[in-house]
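Throughout, a chain's letter reflects where its sequence line sits, starting with A, and its residues are numbered from 1. All of these numbers come straight from a predicted model, not from anything done at the bench.
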Amino acid sequence: MCGRFALYSSVNAIMAYADRLAADDAPSYNITPGSSILTISRDGDSRILKRRIWGLVPFWAKDKKIGTRLINARSESLTDKPSFKYAFQKRRCLVIADGFFEWRKRDKQPFYIVGEGLLFFAGLWERWTQPDGTPLETTAIITTPANATMEPLHHRMPVILDAEQAQLWLHPSPSWIALHSLLESTAMSLSMHPVSKEINSPANNHPGLLEEVNMGLF
DNA sequence: CCAGACGTTGTT
DNA sequence: GTCTGG
DNA sequence: CCAGACGTTGTT
DNA sequence: GTCTGG
């Protein structure tokens with residue numbers, strides 16, 4: 001699964017990947033569900049970079065509370081689920097991260113996981129009209145079975161796309177077979193190290209959260 | 001037909 | 001145990 | 001994802 | 001909006 005990540009690259013660096021910006025660039029080392037995350041989606045012929053809330057609220061929802069539970073979407077069932085099927089067809093996006101956190105199942109030890117540069121998670125977005133009429137844009141991150149690197153920690157992980165896959169993911173009329181093949185697994189090369197349990201509390205947020213720690217006995 | 005749910009994680 | 005908040 | 005609350009009456 | 005359950 002993916003329930004926490006980090007983004008601290010400058011907006012200048014991120015702009016190398018997008019055509020325009022509609023966001024502030026406050027760094028965060030502990031991004032939690034419910035907060036604002038940086039996404040790229042297609043807008044006509046161009047791509048836009050914008051902040052959206054993490055936790056998908058489908059356009060048909062009567063209450064935005066449903067979003068607190070829709071932070072991830074299983075790749076295997078995207079096309080069947082009323083909460084995700086419309087967004088999968090028309091509102092795919094990338095979620096930008098410098099790395100993400102995973103808690104090892106057996107002992108709750110947190111790890112920080114990185115690639116060789118920015119990470120692009122496959123995501124979905126929605127626009128929901130709030131009671132006062134203002135739009136709320138929200139996001140879910142797609143998960144897939146863990147690859148060999150991640151399996152020791154957990155049996156699920158986010159779908160992470162390389163540049164070529166990301167273009168396909170954002171294409172307005174993609175080959176659906178090709179899209180589905182992107183979601184089956186994550187081939188991206190990743191490395192990881194244990195971090196302090198200080199990451200557990202959403203109140204903590206500083207660069208030290210990413211630093212490797214010794215794990216006591218091992 | 002209408003009412004009510006619409007999800008993932010993990011755990012048992 | 002389950003929900004909400006971060 | 002984890003942490004922290006989980007309630008009413010009434011008072012300031 | 002659409003599907004499932006009653």
Do A/T143 and A/R156 pair up side chain to side chain, a donor and an acceptor below 3.5 Å, judged on atom types alone?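 Per modelled atom types, A/T143 and A/R156 side chains form a pair under 3.5 Å.
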Would you check if the side chain of A/R92 reaches a backbone N or O of A/Q89 as a donor-acceptor pair within less than 3.5 Å?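 Yes, because the side chain of A/R92 sits within donor-acceptor range (under 3.5 Å) of the backbone of A/Q89.
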Using modelled atom types and a 3.5 Å cut-off, is there a donor and acceptor pairing between side-chain atoms of A/T39 and backbone atoms of A/K50?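 Yes: the side chain of A/T39 pairs with the backbone of A/K50.
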Interatomic distance at [atom1], [N] relative to [M], whole Å:
| N | M | atom1 | answer |
| --- | --- | --- | --- |
| C/dT4 | D/dG7 | C1' | 15 Å |
| C/dG6 | B/dC2 | P | 41 Å |
| B/dA3 | D/dT8 | C1' | 33 Å |
| D/dA5 | B/dA5 | C1' | 26 Å |

Hey, are the side chains of [X] and [Y] touching, using non-hydrogen atoms and a 4.5 Å cut-off?
| X | Y | answer |
| --- | --- | --- |
| A/M192 | A/L153 | yes |
| A/E126 | A/T138 | yes |
| A/Q165 | A/L168 | no |
| A/I160 | A/F100 | yes |
| A/R91 | A/F59 | yes |
| A/N205 | A/N30 | yes |
| A/I142 | A/W169 | yes |

Rounding to an integer number of Å, can you tell me how far [X] [atom1] sits from [N] [atom2]?
| X | N | atom1 | atom2 | answer |
| --- | --- | --- | --- | --- |
| A/K81 | B/dT9 | NZ | C1' | 13 Å |
| A/Q89 | E/dT2 | CD | C1' | 12 Å |
| A/K64 | B/dG7 | NZ | C1' | 19 Å |
| A/K62 | E/dT2 | NZ | C1' | 11 Å |
| A/M157 | B/dT9 | CE | C1' | 16 Å |
| A/F111 | D/dC2 | CZ | P | 14 Å |
| A/F84 | B/dC6 | CZ | C1' | 9 Å |
| A/L70 | B/dC6 | CG | C1' | 8 Å |

Looking at every strand, decide which applies to [X] at a 4.0 Å heavy-atom threshold: base, sugar-phosphate, or nothing.
| X | value |
| --- | --- |
| A/S83 | sugar-phosphate |
| A/F101 | nothing |
| A/W60 | base |
| A/F59 | sugar-phosphate |

Output yes when at least one side-chain N/O atom of [X] is less than 4.0 Å from OP1 or OP2 of [N], else no.
| X | N | value |
| --- | --- | --- |
| A/S77 | B/dT8 | yes |
| A/K65 | C/dT4 | yes |
| A/K105 | B/dT11 | yes |
| A/R156 | B/dT9 | yes |
| A/T32 | C/dG5 | no |
| A/R69 | B/dT9 | no |

Dot-bracket for DNA chain E, 5' to 3', counting Watson-Crick or G-U wobble pairs under 3.5 Å, with [ ] for crossing pairs and | for inter-strand pairs? ||||||
Test applied, side chain to side chain contact (heavy atoms under 4.5 Å, CB included); reference residue, A/I141; option that passes from A/V95, A/V159, A/L124: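 Going through A/V95, A/V159, A/L124 one by one, the side chain to side chain contact (heavy atoms under 4.5 Å, CB included) with A/I141 is satisfied by A/V95 alone.
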Side chain of [X] (C-beta onward), nearest among [options]:
| X | options | result |
| --- | --- | --- |
| A/W103 | D/dC2, B/dT9, B/dC6 | D/dC2 |
| A/P82 | D/dC1, B/dG7, B/dT8 | B/dG7 |
| A/N72 | B/dT8, D/dC2, B/dC6 | B/dT8 |

Residues within residues 196-207 of chain A bordering DNA chain B, heavy-atom distance below 4.0 Å: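 Within this stretch, nothing sits under 4.0 Å of the strand.
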